[in-house]
Protein chains: 2
Amino acid sequence: MKTSAHAASLAPFPAIESAIRATGARVTPSRVRVYALLQNAQGPLCHRDIERLLSGGALPAMDRVTLYRVLDWLAAAGLAHKAADARGVFRFSAATSDGEHLRHMHFRCTACGGVFCLDMSQPSLPELPQGFRLASAEFDIRGVCPDCAGKHP
Amino acid sequence: MKTSAHAASLAPFPAIESAIRATGARVTPSRVRVYALLQNAQGPLCHRDIERLLSGGALPAMDRVTLYRVLDWLAAAGLAHKAADARGVFRFSAATSDGEHLRHMHFRCTACGGVFCLDMSQPSLPELPQGFRLASAEFDIRGVCPDCAGKHP
DNA sequence: AGCTTATTGCAACCTTGTGGCGTTAATGAT
DNA sequence: ATCATTAACGCCACAAGGTTGCAATAAGCT
Ligand SMILES: [Mn+2]
Ligand SMILES: [Mn+2]
Ligand SMILES: [Zn+2]
Ligand SMILES: [Zn+2]
């Protein structure tokens with residue numbers, strides 16, 4: 001039995017693949033790698049974080065622009081959330097089916113940009129005036145994380 | 001009685017001047033103009049907004065970098081709030097003594113970046129784990145404003 | 001008025017993100 | 001298995017937001 005090297009590189013992610021295929025778009029190595037990475041991440045990651053994490057492996061690093069496009073596509077397809085962190089840099093997180101990150105709150109460090117999950121549930125959503133289209137809402141807690149607080153006393 | 005044109009340009013803002021002088025730093029036309037503008041603004045403004053608003057008047061437009069520095073100084077001095085909007089652009093608002101904007105909530109448009117005051121009070125602040133230094137917290141509501149919803153149906 | 005130095009203006013540079021376009025490869029049909 | 005279609009990619013140049021270094025200016029003090 002003979003399998004091409006290429007096909008083997010996509011095999012280990014059946015759930016990822018079908019989630020992407022379900023959107024009607026093409027399943028590509030870039031999309032699979034990035035989406036899988038977001039699924040395994042501890043918190044929301046920015047473009048830079050992801051570039052670094054991807055460049056570690058054996059596979060050829062994907063193009064900067066392709067990564068931007070993959071991330072925006074994941075967000076547009078509803079597979080990821082996109083939101084600016086406290087420094088104004090966009091961060092992406094997998095849109096888990098159980099909506100875990102949507103239920104609890106997060107702390108955003110204004111120094112390093114880090115996002116930390118807090119074990120507290122979100123306040124309930126408010127009603128909006130006529131004409132406003134709600135996309136997302138969360139309690140946004142900003143400050144300095146323990147790590148950065150140590151460096152800047 | 002003779003008054004220099006320069007002094008006259010600062011005279012109309014006694015409260016602004018003393019607030020700046022109280023920080024111990026120098027009172028300059030740039031700081032007075034920008035701080036006064038933030039005080040009169042309807043909502044948080046970005047660098048671009050402020051540049052446009054300032055360029056309207058008779059006074060010579062201040063340098064791009066100076067404006068960045070004045071804004072960051074206002075924030076560092078506690079006279080203004082600095083926060084990224086839904087598009088990742090920083091916006092500044094006067095830190096009113098009565099903390100009006102800190103009590104009610106805001107809607108942030110992901111299309112135009114606009115910030116809208118909502119007539120609803122903020123949820124109460126949460127307790128943070130050891131080591132986290134809180135700077136600010138607010139319920140962050142993102143979506144599309146009525147104006148942009150009309151343009152992108 | 002003169003001294004000191006915080007603040008400004010300017011130029012160059014950086015980071016994050018986008019648009020255009022020719023080439024490649026994922027998919028459906030043969 | 002091969003072919004045709006066209007979505008997606010790589011590469012380039014560019015835009016917007018923001019920062020750094022440094023010489024010239026002017027706010028505050030005497
Ligand atoms: Mn930005
Ligand atoms: Mn408000
Ligand atoms: Zn931090
Ligand atoms: Zn809008």
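These numbers come from the heavy atoms of this one structure, side chains and all, not from hydrogens, waters or symmetry mates. Reminder, nothing fancy here: chain letters follow the sequence lines and each chain counts from 1. It should be emphasised that the depicted structure is a prediction, and the values quoted were computed from it without experimental measurement.
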### Task
Look at the side chain of A/Arg26 and decide which nucleotide, out of D/dG17, D/dA7, C/dC10, has an atom nearest to it.
D/dA7
### Message
Whole angstroms only, please: what is the CG-P distance between A/Asp63 and C/dG17?
### Response
15 Å
### Task
Tell me what B/Arg48 touches on the nucleic acid: a base, only sugar-phosphate, or nothing, going by heavy atoms under 4.0 Å.
sugar-phosphate
#### Entry: A/Leu79 and its side chain to side chain contact (heavy atoms under 4.5 Å, CB included) partner, picked from A/Val34, A/Leu38, A/Thr23
A/Thr23
### Query
Linking I/L/V/M/F/W/Y whenever their side-chain heavy atoms sit closer than 4.5 Å, directly or via other members, would B/Leu54 and B/Tyr35 fall into one cluster?
yes
### For atom CZ of A/Arg69 and atom P of C/dG19, their distance in whole Å
10 Å
### Residue mapping more 5' on DNA chain D - nearest nucleotide basis, B/Phe90 or A/Leu67
A/Leu67
### Query
Considering only side-chain heavy atoms of A/Tyr68, which listed nucleotide, D/dC9, C/dG17, D/dG28, is closest?
C/dG17
### Message
Whole angstroms only, please: what is the CZ-P distance between A/Arg33 and D/dC9?
### Response
11 Å
#### Entry: Length of the CZ-P vector between B/Arg31 and D/dA26, whole Å
15 Å
### Message
Expressed as a whole number of angstroms, how long is the span from A/Asp49:CG to C/dT15:P?
### Response
15 Å
### Task
Please determine, for the side chain of A/Thr66, which listed nucleotide (D/dG10, C/dG17, D/dA16) has the closest atom?
D/dG10
### Task
Counting heavy atoms from C-beta on, name the nucleotide in C/dT7, C/dT27, D/dG18 closest to the side chain of A/Arg21.
C/dT27
### Task
Assess A/Lys82 against A/Phe92: is NZ or CZ under 6.0 Å from the centre of the six-membered ring, and within 45 degrees of the ring's axis?
no
### Query
Is there a side-chain polar atom (N or O) of A/Ser30 under 4.0 Å from OP1 or OP2 of D/dC9?
yes
### Message
What is the distance, to the nearest angstrom, from the CD atom on A/Glu51 to the C1' atom on D/dG10?
### Response
14 Å
### Query
Does A/Arg64 get its side chain close enough to the base of C/dG17, under 3.5 Å, for a donor-acceptor pair?
yes
#### Entry: Selected nucleotide, minimal atom distance to B/Val65 side chain, candidates C/dG17, D/dG18, C/dA11
C/dA11
### Message
In whole Å, I'd like the distance from the CZ atom of B/Arg91 to the C1' atom of D/dG18.
### Response
16 Å
### Basic-acidic side-chain contact under 4.0 Å: B/Arg108, B/Asp85
no
#### Entry: Ring-ring centroid check A/Tyr68 A/His47, cutoff 6.0 Å
yes
### Query
Please give, in whole Å, the distance from D/dC9 P to A/Asp72 CG?
12 Å
